[in-house]
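Heads up: the structure comes next, in structure tokens.
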Amino acid sequence: MWILRINMTDATYRLEEPSPAYKNLAGRAMTSTLVSDEVPPLCHPLGPHNKLVFSAGIVTGTAAPTSSRISVGAKSPLTGGIKESNAGSSWGPALARMRIKALVVEGLPKDKKMLGAFLTWDAAQDKPTLEFFDASDYAGRDLYAIYPEVYEKFGKGISVASFGMAAEYGYGNAGVVFNDMNKRPSRYSGRGGLGSVMASKGLKFIVLNPGGAPGVSMADKALFDEGRKKLLEALQTHDITKPKGALNSFGTAVLINILNEAGGLPTRNFSSGRFEGAASIAGEAIFEGVKERLGKEVYNHGCSPGCTIQCSNTWYKPDGTEHASCLEYESVWAMGANCGIDNLDKIATMVHLCNSYGLDTIETGATIGVAMEGGLLPFGDSGGAIDLIHEIGRGSSIGRTLGGGTEFAGKAYGVVRVPAVKGQGMPAYEPRAVKGMGITYATSTMGADHTSGYTIAPEILGVMGKQDPLSPEGKAALSRAFQATTAFIDSTGHCLFIAFAILDIASGYQGLIDECNGILGTKWTADDVYAYGAEIMKKERAFNEAAGIGKAADRLPEFMKTEPLPPHNQVFDISDSDLDSVHGEM
Amino acid sequence: MNDMELDVWLYGDLARFAGGTSGGGYANLTVTLPAGSTLEGLLDSLGMATGERGFTFINGNLSAMPGIQADLDRELKHKDRVAFFHLKSMWPAQYRQGASLTEEIDEALHKDPEQGLRHSWTAKSHVNREQISRDEQLRYRRTLMLPEIGESGQEALKAASVLIIGAGGLGSVSSLYLAAAGVGRIGIVDPDSVELSNLQRQIAHSTEAIGTLKVHSARERIAGLNPHVLVDTFNMSFNPDNSYDISSDYDILADGTDNLKTRYLINDICVRAGKPYVYGAVYRFEGQVGVFDALKGPCYRCLFPKPPQEDDHISDMAEEEGMFSVVPGIIGTIQASEVIKLILGIGNSLSGRMLLCDVLGMTFQEVLLSKNPDCLSCKAGQ
Amino acid sequence: MRITLRVYATLCRYIPGASAGIPLSLELPYGATLADLMKKMGIPGEEVKVAFVNGRARDLNHVLEDGDEAGVFPPVGGG
Ligand code: SF4
Ligand SMILES: [Zn+2]
């Protein structure tokens, strides 16, 4: 195993043996540890001392189902705190197969020239090797135009990481993009402005071709295989994750109607919990709409190799040609309900534009919602919203203001109702209607993040049984458990959507642990999962505190505590001390 | 008594209970009921069994989820908004933590040892699915009177799933009878669209449906006949690449295909999965019908080990040699009765027997079949 | 000995005037097998089919007896 360091100050690289302390770290555990160990918390995110770290999960690159996630970490230009954002792509498995535990991009180039890095396996030397190439021709251009050129240049079997024009401007809202299975630039480590960190380093592409590489080494292959089969079986039988189950049929956007009925679908910049146009933009409507336009039922595809859940959809134009992929719940909500837009074709255009320019869809939708609130354009003005995304992509002065993200736009337009925590725009669950999610938004080390509290170990659930999870203290305890277990899954490289199956099917959860033990040679039990995750959270939290983001930042925006939200007319009423107990009692 | 109006939302495939055609993945309707009606009364008026629904909301408060249906006796009020979700919808624990609940479900969740945090109510939801509603009590009254079937048999039918391969002459008839009888879920596979020349025998389709997909036309017909039936449609040919994926979710496979190649494929899939294959095939004035259940008797390959050569004089297509209208009707009806008997476990099935029917002479010849010890399919299936 | 024979579907074409399911009466020498019967009727050996005697499927070596009701049918493909 290696740590590959790319130094952009002088365009060199070197391979290092990882320190023994890093032996069991991968994915989010690796990126957050390395950032904590090496990045000064008070550095400027776009300056020479920030580092961008890529790490695939523990089981990524193996035959484990739904495990092709790649974590990207750095100090975030959006939140000013630590950031880990992960994506599903063939890129993660490719890195893992070359036995690179972490790829670290550091330093800062002297000139503004963009380079690319092409990483291959050197069979003679039995190690990865890297070549730089001039990437200046690709700067300032639509990602959908340059991805095919990169594929053309480097041939078959490659995976590509990059960023779009948004990142070249240094926006807080700019993601790192990876290829999907159809070579589209559509899989994002979107949140927190990591694309801008990569752009600041002048590294436009990291292209991987793992041909000839030995693959992931395993301490106990038989145990790994046993675990993998248990997990696969759980995924294939659970109603949410099985083929033609909830996710495969309707995608994550199946949540739109549910949250809308629950009064928790943030609408028109978080001024209501219910959107009258929800049913026409929901997963069910996408499924029916595609069926009508293509004349057949289409089930979803995988974002990355080896996914058995396959939740990614594609939207088509009336003539049956492709319009956008993928219309996730959060993206449809951000461009749709949050902006008062109820037209799937317009939403698809907006999502596609975000992919073209390299923007995070959640931050973009949340920002436009604030701009609408600030009077820049009316709610529901889809044409205006599309124009604004072009402005952001082109870097006009309005565009640059909005590219800074939700909180920045709020300041620019004098808006009080700014849905953000630690500078990061809120995703698609209204905290006043789904209070548990509010706790996670407030206390996550990542800023308002719905994936922070995604899953929970069944064992912990047993312990929770004594505490009433419906009470405020219970909710805080649950949120803590959710966040820690999620940090573990983020480190395995599995997609979080395995959470449903492993929570409900005990053998699936055991399978996950067996897989990790099989690879690492550890003897982890269910208890270790929580401990591993809690350790990550502590490191991230310590980094944030040193960066000046402490307890006082673990709060929701004030308007949520004072403005009742229709239709339930509730405010967010979890006390500060309950919020503080999330980290306090870890 | 006064009437009240309810604002009812039906999502996903539950939209079929709205009556009439509704597109876009949902239906919104106003239902008028006598004041004081309960949620169960609303379900009855929609003709929806309680197990058909998953998450349910009353005025934005969660009132039921699969397996926890605390709301049946809840009295509804004028202008209440009631939303029903299909069973393919989801609302994972982490996204619903701290959301608004009705008192009844709040109480039920507190009693649940896991406080409803897990999704393992999926198993429980099937129990609910099998219960039959009041509308169904009436609909199936003549069946329920048969002591061989009764309520438990009707529930078994509702819990069953059958895949019909081909929505032509045979599939038209078997699917309609299976739907009428109350089989809970029917899958239909067919790549073609309805043509005028189909209509002399393919009675699931109508003249207006010409040019539309056969699977859609059949689904519409079934929905009109019995809205309690879930219909899955697969607008594609049943081929080696998709056959396993398509069929894995069904208990029984029924033959309605128009060629021999697909019959070998259906047979092999059934032998491998240990499922019964209800065979039917027609030719001019004749038909053949039987049940191949490799666990109990011979399979199709035990009879006809290898597919015929190109030059064998075997007719694949009805079009080539003509087809007497009612032959698929007779054979398809016998197939449907075999499927139902298999689900209920009653009577003597046609397993190990083949009926040869000749309509001109109006004779039925029964041929007893036995398992072929050299059958490659049976060997591979073990 | 006297045998009745029923042929079905596409096999009718080998026997002029035959119609599916309608019994034909014919003479065979004692000890004749189903294979002999097929041969006499001109049904090629390699044609895919099932032969039966008195309602039970039999292989082609089956020896026929006086008064047997035999039949033969091929797979059919229509639906
Ligand atoms: S479940 Fe969806 S997001 Fe996760 S790996 Fe599979 S396709 Fe990608
Ligand atoms: Zn066999």
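Residue numbers start from 1 in every chain, and the chains themselves are labelled A, B, ... in the order their sequence lines are given, proteins ahead of strands. Worth knowing before you read on, the calculation uses all heavy atoms, side chains too, and leaves out hydrogens, waters and symmetry mates.
Under a cut-off of 6.0 angstrom, the local environment of CD in Glu65(C) is sparse, with at most 12 non-hydrogen atoms contributed by other residues, nucleotides or ligands. The environment of Asp66(C) atom CG is dense: over 12 non-hydrogen atoms of other residues, nucleotides or ligands sit within 6.0 angstrom. Open room surrounds CG on Leu376(B); 12 or fewer heavy atoms of other groups in view lie less than 6.0 Å from it. With a 6.0 Å radius and a threshold of 12 heavy atoms from other residues, nucleotides or ligands, Tyr177(B) has its OH atom at or below the threshold.
For the residue pair Pro75(C) and Tyr300(B), the shortest heavy atom distance occurs at CB-OH, 3.6 Å. Across Tyr279(B) and Val76(C), no two heavy atoms sit closer than the pair OH-O, 4.1 Å. When all heavy atoms of Gly21(C) and Thr363(B) are compared, the pair lying nearest together is O-OG1, 4.4 Å. Taking all atoms of both residues into account, the shortest heavy-atom contact from Glu46(C) to Lys306(B) is O-NZ, 4.2 Å. The two residues Val367(B) and Arg56(C) have their closest heavy-atom pair at CG1-C, 4.3 Å. Contact record, Leu170(B) with Gly78(C): CD1-O, 4.2 Å, taken as the closest heavy-atom pair.
Counting heavy-atom pairs closer than 4.5 Å to chain B, the top residue among Val53(C), Ile22(C), Val50(C) is Val50(C). Of all the listed residues (Pro44(C), Gly55(C), Ser19(C), Gly71(C)), the one sharing the greatest number of non-hydrogen pairs under 4.5 Å with chain B is Gly55(C).
With a threshold of 4.5 angstrom between heavy atoms, Arg6(C) approaches chain B through side-chain atoms but not through N, CA, C or O. Of the atoms belonging to Ser370(B), not a single heavy atom falls under 4.5 Å from chain C. For chain C, the nearby part of Glu286(B) is the side chain; its heavy atoms alone come within less than 4.5 Å. No part of Phe285(B) comes within reach of chain C, as not one of its non-hydrogen atoms sits under 4.5 angstrom from that chain.
Atoms CE and CZ, from Met354(B) and Phe73(C) in turn, are 4.0 Å apart once rounded to the nearest 0.5 Å. A distance of 15.0 Å separates CZ in Arg284(B) from OH in Tyr8(C), rounded to the nearest 0.5 Å.
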